[in-house]
Each structure stands twice: as C-alpha cells, then as structure tokens.
2 protein chains.
Amino acid sequence: MADSNDTLSVSERIRLDIERQILSGGLKPDDRIPLERELMEIYDCSRMTVNKAVSELASRGLIVRRKRAGSFVAHPPSDSTILDIPDIRLDLERKGHTYGYELLHRSVRTAKGPEEGALAGKGGRLIELRGIHRADGQPFGHERRLVSLAAVPEIEHEDFAGTPPGTWLLGHVPWSQAEHRIFAVGADVGIAAHLEISEGTPCLMLERRTWLNGVPVTHVWQTFPGDRHSFIGALTRRQA
Amino acid sequence: MADSNDTLSVSERIRLDIERQILSGGLKPDDRIPLERELMEIYDCSRMTVNKAVSELASRGLIVRRKRAGSFVAHPPSDSTILDIPDIRLDLERKGHTYGYELLHRSVRTAKGPEEGALAGKGGRLIELRGIHRADGQPFGHERRLVSLAAVPEIEHEDFAGTPPGTWLLGHVPWSQAEHRIFAVGADVGIAAHLEISEGTPCLMLERRTWLNGVPVTHVWQTFPGDRHSFIGALTRRQA
DNA sequence: TCTTTTAATATGTATAGACATAATAGAAGA
DNA sequence: TCTTCTATTATGTCTATACATATTAAAAGA
C-alpha cells in the first residue's frame, strides 16, 4: 500500500494512497479501509499521524467513520461538477484574444417590480448597465446587469467606457457568494442586432446573482451565441 | 472572537469563527489572521488544536500560510461554481414528476472515426443508444449515448426498454470522473420531431464524457429544449 | 429464550514536547 | 553601501499519552 514518494509527509502519503484506491475503484462504497492501528503498522507511524490523514478524507466526504466499527468508503454524492465560469475578460485574454467592452446603456434609477426589489429593496436605487463583449473586435456576448447602489455606492461615479462591469466589480467586491443558472434561449431582436446574428439564433444564457455577506450585490444576464461560447466542467465524483 | 456554541469541539469553533469572518468580509484578502500562539491564548488551548483548525482552512484554500510571516486570507480563485448535473430520472422524480424513457435506437458495432475511437479504441466495440426522456408523459429531452463495451461488457445483455441508460450505469459503475460541456444549439429535424418542437428551437446541450480509473466508459449528448430545462449552480467563492 | 448489563473497541479530541524547514530581520563583514 | 551570514520566528510534522464517546459483542440475569 505504501508509496515511494519521499517529498510527501507521511500523513499525506497515507491520504493519497487511500484516495487513489477509492477513486480508482479498488475500494468500493461500503468497503472498510484499514483500522487506524493497522495503518500505524503499515506506515510505521503514530496514531495521530494516521488520524490526520483519515480525518482529512472524512472531511472531504470520501469516507465515513463509525466508532467501534471502522472507516468505510462513502457512497458518492449525486452527480455534480465544478463548472468554470470565469470573468469574460480574463478568460478571453488568457486564450490570446483581444478583449473589448462597449457600453450600450447606463441608467441610475429606483427598483421596480419584484425582481429588482429583491436586489435593491423596494424603492431602493440601482444602476442598470447593458453592453457588448467583444473578442478580437467581433461581438462575443451581450450583458444586462443590475447593481444595487446600497451594496456598491462607489459604482455611481464609474462610467464603464471600456471597462467591463464584471471586471470592475471583481476589483471592488472581495469574496462573495453567487448563484448561477444556465439555459438556452433564442436571441431577441435587440440582442440579435448587437451580436450580428439573426433573431432566434440559439444562445446560451447565464444568469448570475451575487451576494456579499448576505447582501445582494448584482444580478446579471449574459447571452452568448451557441457557436461562440460554452461552459466546461472539470472532473467530479459521482453517483447517488 | 470566541463563540458560545458548546456542542462543537474547540478546533471546529476556531475554524468556523475564522471562516465566518472571511466569508463575511470582516477579513479581506491579504489580511493576517492571528498567529497560532495568539489563538492558543484566545481559545485557551494547545498549539496542536489551533494548528488543526488553521491547517484545515489552508487545505480548503481560504488562507495561505507562510513560515516566519503568519497566515493570510487567500485571494479567492477565479469564479467557479459547483453545478448540479443530476441523473435525469432522479431529478424529475424528486420534483414529483413521473419519469419515462423511450428507447429509439440500439446498436452494437465497432468504433468508427476519432471520436468513437477515443472511447472504445480503434476498432473497439461499442453500443450506441438513442432515446427520449419523458416527464409526465411529455418529451423532456433527447439523449444519444455511446458506451464502451470493453469498459462495461455486461451492458450488451441489457435492452433498456424503460430503464434509462444513465440510471442503469449509475448502478453498475461506481465512482468515476466526468467532463462536462454545456452549450446551446438549435434542434435538428430528427430531434425536433421526437421532442415535438420545431426545427431550430434553442436547446441546451450537455455533453458528458465519463471515465472509470482512466478508462473511458461513456460519451453522452443530451438535448433539452430551452423552456424545459436549465442547470443551477450553487454557492461559490470568487475572484482572480 | 429473551432482555439487560457490562466490557471491549475504534474513533474523536486534546495535550505537551520535539525537531524540521522556510523566510526574514538584523548583524557582521567586505 | 552592499553583500553575506546568522539568529529568530512561525509554521509543518510527528510522537506518546490521555480521556471521552459511540457502538457492539458478549456475559449475566430473569
């Protein structure tokens, strides 16, 4: 079971050995992994060292520990994946494209209706921004964004000529919680004209709401023509 | 800084106290958190107890630890989210719908072309399945799936009349790695007819490739009309 | 035979001490 | 002044020990 990698600490080696066996299918759900005492002997170390490795696996959800019984490979959670939804500017520039943002509309006003009320509070003030993201000069996607002025008052003095609002917010609101929804729509007349596609062209729409410390910050709708953008999810564990 | 919750262990309390301060914005990126010695005194416990809490935060990526300098709040990684991509049957039944799968096509053959070759190996055998997912009797989505017979030989004796292949695989292939891609397409003639929508209707397409222990298992394309399905991503950390 | 009690067991958490290692501030030297 | 060395500092890892707690197997009793 032991490995021959010398740069790792003992507890990391134990953790990785077991993790690899679980992820490779060598250990299946409900299989028991060796007891702490047994691992102590296998790796010739103390129980605290074993415990650190095995506790880490438990906290990551790969195993379940039961007193008096031992540690067992967990049943993987239902399928989920980590989806990368990067800032558009960063993403494009990383891929070697030039990026541009063209502001179409900017207005400061009071919140109307339930959707805007949820963001800024009933009668609260918000800023609405609409613009086009460009990659190498070509229209890449459309963005409509509402930002609560209560949450980000300094945004009122920013004109966003050239700077995309997403990038600006990244620099002004540290850490946050977000909720995403991804669906397919046909481009409406207005958006189609700006993106230089025909009405009804299948587009990916990403809706995102962001909170900072429980306070709503922004609500965005980004529209990308189906042939210009997709979202890619990395590895994941699986199964109910 | 201390909390008054008695059911938690000391190290959990330390971890949660700090975690809350980071996520709430009370501690910002590059801020230093108290040294281990200081936390020992604040929580009246030993260094190992503090170390367990703080190491856990480091392993979760919330803080960065530097010898001789201290521990600092990390810069959140670029925007990513955990997207829930559940088994369709489980998802619909959980939401109170009846679920049905209608098999349209089933064939066993050898792999042709680079895409199929990547799955089953050049000249390797695979099974191709096409079918319709139904919610409350109505067409909900179309699925085309290739499965490597080398990876899952027992699938050859399964006829999938009624059982969706995804659910069947869930029960036969434990743990796995997957790669997802989500994009928007217009429904083609064949799929449109089966889904009872018009050609070109915007659809969400989910492409998924799955491996077990590095061996390719299955490659799926699922097509959902834009008005019938979306993907929802939960909370996340943020920022480059 | 069935129920209750007891003892054994594996994990959960915590301690104090030890030595290693990386990074730096400051001292010593050129 | 600039470079080099050294001591200090905070974290990284590990050990041996201790007691708590949940669970279960076995013993004791009805």
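Lettering follows sequence order; numbering is per chain, from 1. All values below come from the heavy atoms of this structure, side chains included, with hydrogens, waters and symmetry mates left out. All figures in this text were calculated on a predicted structure; none of them were measured in a lab.
- The six-membered or imidazole ring of B:F160 lies away from that of B:Y101, with a centre-to-centre distance of 6.0 Å or more.
- Under a 3.5 Å cut-off, the side chain of A:S55 and the backbone N or O of A:N51 do form a donor-acceptor pair.
- Contacts between chain A and DNA chain C, taken as any atom within less than 4.0 angstrom of a protein heavy atom, begin and end at C:dA8 to C:dA14.
- Cation-pi geometry between B:R65 and B:F72 is not met: the NZ or CZ atom fails to fall both under 6.0 Å from the ring centre and inside 45° of the normal.
- Side chain of A:S148 to main chain of A:L126: no donor-acceptor pair is present (N/O by atom type, distance under 3.5 Å, no hydrogens or angles).
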> Could you write nucleotides 10-16 of chain D as a row of B, S and -, 5' to 3', where a protein heavy atom under 4.0 Å of any base atom gives B, of only sugar-phosphate atoms gives S, and otherwise -?
Replying inline: BBBBBBB
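- Remark: A:D136 pairs with A:H97, A:T98 by the side chain to side chain donor-acceptor pair (under 3.5 Å) rule, at least two apart or across chains.
- Ring planes of A:Y99 and A:H133: tilted class, angle from 30 to 60°.
- Panel note: side chain A:D17, backbone A:I14; no donor-acceptor pair is recorded below 3.5 Å.
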